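Let me begin by presenting the structure, written as structure tokens, before commenting on it.
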Amino acid sequence: MPELPEVETTLRGIEPYLRNVRIERVIVRQPQLRWPIDDDIQLLVGQTVRGLTRRAKYILVETDVGTAIWHLGMSGSLRLVTPTDEPAKHDHVDWVLSNGKVLRYHDPRRFGALLWVLPGEDSTHLSHLGPEPLTDAFDGDYLFARSRGKSQAIKTFIMDGKVVVGVGNIYANESLFLAGIRPTLAAGKVSKARYNELSVIIKDVLGAAIKQGGTTLRDFVGGDGKPGYFAQQLRVYGRGGEECKVCKSLLKEIRQGQRATVFCPQCQR
DNA sequence: ATGACAACCTGTGGGC
DNA sequence: TGCCCACAGGTTGTCA
């Protein structure tokens with residue numbers, strides 16, 4: 001599930017149940033995630049959650065003695081359950097909370113992570129990241145400047161977290177379609193005008209998806225944890241071989257950097 | 001430095 | 001029905 005809008009939706013869903021709440025127990029059933037969960041995570045026990053924030057696709061949970069950092073990987077999800085709910089397969093971590101809830105982490109592929117950093121310590125995972133796409137620091141001028149001299153394809157360029165965070169495979173495909181840019185173009189050969197359009201489109205697409213996540217927020221916490229966005233609105237992702245919704249040409253599917261790329265050979269040049 | 005590619009792990013769906 | 005392969009929302013590390 002987790003692209004940036006899903007992470008943002010998760011954050012908004014769990015935030016009211018965690019803020020100012022004490023963590024009574026931390027139960028780790030399976031520490032072998034993307035990186036092994038450090039025993040220091042037990043420092044959370046007895047701490048009150050001061051606040052939750054997001055950086056890229058990481059969710060930061062702040063306490064007085066350190067910050068816990070969740071990453072949902074490809075298949076991770078966080079939801080609130082009650083202590084009587086038996087953990088199922090792939091329910092790797094529980095945080096038992098003072099308000100009677102349990103924050104439960106589920107992740108079949110175990111590409112996610114739960115990290116711990118001390119106050120003032122910089123997480124190596126966050127320090128090298130590029131700007132957030134929904135901030136003013138991310139615009140056409142920035143993309144234009146960063147891309148000069150690059151032969152790398154524009155799709156893998158905008159998916160590079162050192163360039164900009166939060167643009168995953170779905171939204172990279174969709175944004176390039178809406179911008180009319182062929183994903184295989186060398187990033188260094190794309191004009192400033194086109195980068196201006198692309199940056200606006202990325203903001204719009206991510207913003208709209210977050211808004212949709214917001215509408216499913218209510219069932220999210222009590223429900224099955226699946227953000228019910230969006231599939232109907234996807235223009236190209238997952239539609240290789242089908243008709244372009246704009247021009248009826250057949251959408252082409254290729255692979256770039258081990259990821260599926262779908263584009264319209266007519267609309268995207 | 002850059003960019004292409006493998007790797008981590010499990011589940012699912014298509015083809016035979 | 002069952003087996004095998006390819007592929008799935010992400011990120012890091014290695015190698016040429």
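What you are looking at is a predicted structure, and each value in this text was computed from that prediction instead of being measured. So you know, we letter chains A, B, ... as the sequences are listed, proteins then strands, and number each from 1.
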Exercise. Rounding to the closest angstrom, what is the interatomic distance between dA1(B) and dT11(C) at atom P?
Worked result: 23 Å
Problem set entry | Ring geometry between Tyr58(A) and His125(A) (parallel below 30°, tilted from 30 to 60°, perpendicular above 60°) | tilted
Exercise. Does the side chain of Leu206(A) reach to within under 4.5 Å of the side chain of Pro5(A), using non-hydrogen atoms?
Worked result: yes
Seminar exercise, completed: Scanning both residues in full, the closest heavy-atom pair of Leu4(A) with Gly166(A) reads CB-O, 3.4 Å
For this session: Using a cut-off of 6.0 Å, state whether more than 12 heavy atoms not belonging to Lys203(A) lie near its atom NZ.
Result: yes
Table of protein N/O atoms under 3.5 Å from nucleotides 1-4 of chain B N/O atoms:
from, atom 1, to, atom 2, distance (Å)
dG3(B), OP1, Ser151(A), N, 2.8
dG3(B), OP1, Ser151(A), OG, 3.2
dG3(B), OP1, Gln152(A), N, 3.0
dG3(B), OP2, Lys150(A), NZ, 3.3

For this session: Indicate the atoms forming the closest heavy-atom contact of Val165(A) with Ala56(A), along with that distance.
Result: CB-CB, 3.5 Å
Problem set entry | Distance test, side-chain N/O of His71(A) to OP1/OP2 of dT11(C), below 4.0 Å | yes
Seminar exercise, completed: The dot-bracket string of DNA chain C, counting Watson-Crick and G-U wobble pairs with both distances under 3.5 Å, using [ ] for crossing pairs and | for pairs to another strand, is .|||||||.|||||||
Problem set entry | Minimal non-hydrogen separation, Arg19(A) against Leu52(A), with atom names | NH2-N, 4.0 Å
For this session: Measure from the side chain of Tyr237(A), starting at C-beta and using heavy atoms only, and say which of dG10(C), dG9(C), dT12(C) lies closest.
Result: dG9(C)
Protein N or O to nucleotides 14-16 of chain B N or O, pairs below 3.5 Å:
none

Problem set entry | Sequence-aligned protein contact record of nucleotides 5-12 of chain B, with B where the base is within under 4.0 Å of a protein heavy atom and S where only the sugar-phosphate is | -BBBBBS-
For this session: Count the heavy atoms of every other residue, nucleotide or ligand shown that sit under 6.0 Å from CZ of Arg22(A), and state whether that count exceeds 12.
Result: no
For this session: Over 60° means perpendicular and under 30° means parallel, so classify the ring planes of His92(A) and Tyr105(A), tilted if in between.
Result: tilted
Exercise. Which of the following nucleotides, dA8(C), dG9(C), dT11(C), is nearest to the side chain of Arg255(A)?
Worked result: dA8(C)
Exercise. So do the side chains of Leu134(A) and Glu8(A) get within less than 4.5 Å of each other, counting heavy atoms only?
Worked result: no
For this session: Please lay out, stage by stage, how Leu97(A) and Ile23(A) fare under the test side chain to side chain contact (heavy atoms under 4.5 Å, CB included).
Result: CA-CA 5 Å; Leu97(A) 306 173; Ile23(A) 298 169; 4.0 Å; yes
Problem set entry | Aromatic plane relationship, Trp70(A) with Trp95(A) - under 30° parallel, 30 to 60° tilted, over 60° perpendicular | tilted
Problem set entry | Close residues, residues 175-185 of chain A, relative to DNA chain C [heavy-atom separation under 4.0 Å] | none
For this session: Return yes when atom CZ of Arg25(A) has more than 12 non-hydrogen atoms of other residues, nucleotides or ligands closer than 6.0 Å, and no otherwise.
Result: no
Expected list for residues 259-269 of chain A: side-chain donor-acceptor pairs under 3.5 angstrom, two or more places apart:
from, atom 1, to, atom 2, distance (Å)
Thr261(A), OG1, Lys155(A), NZ, 2.9
Thr261(A), OG1, Gln256(A), OE1, 2.7
Gln268(A), OE1, Cys264(A), N, 2.8
Gln268(A), NE2, Leu176(A), O, 3.2
Gln268(A), NE2, Ile181(A), O, 2.9
Arg269(A), NE, Gln266(A), O, 3.2

Problem set entry | Nearest-Å distance once atom P is located in both dG9(C) and dG3(B) | 23 Å
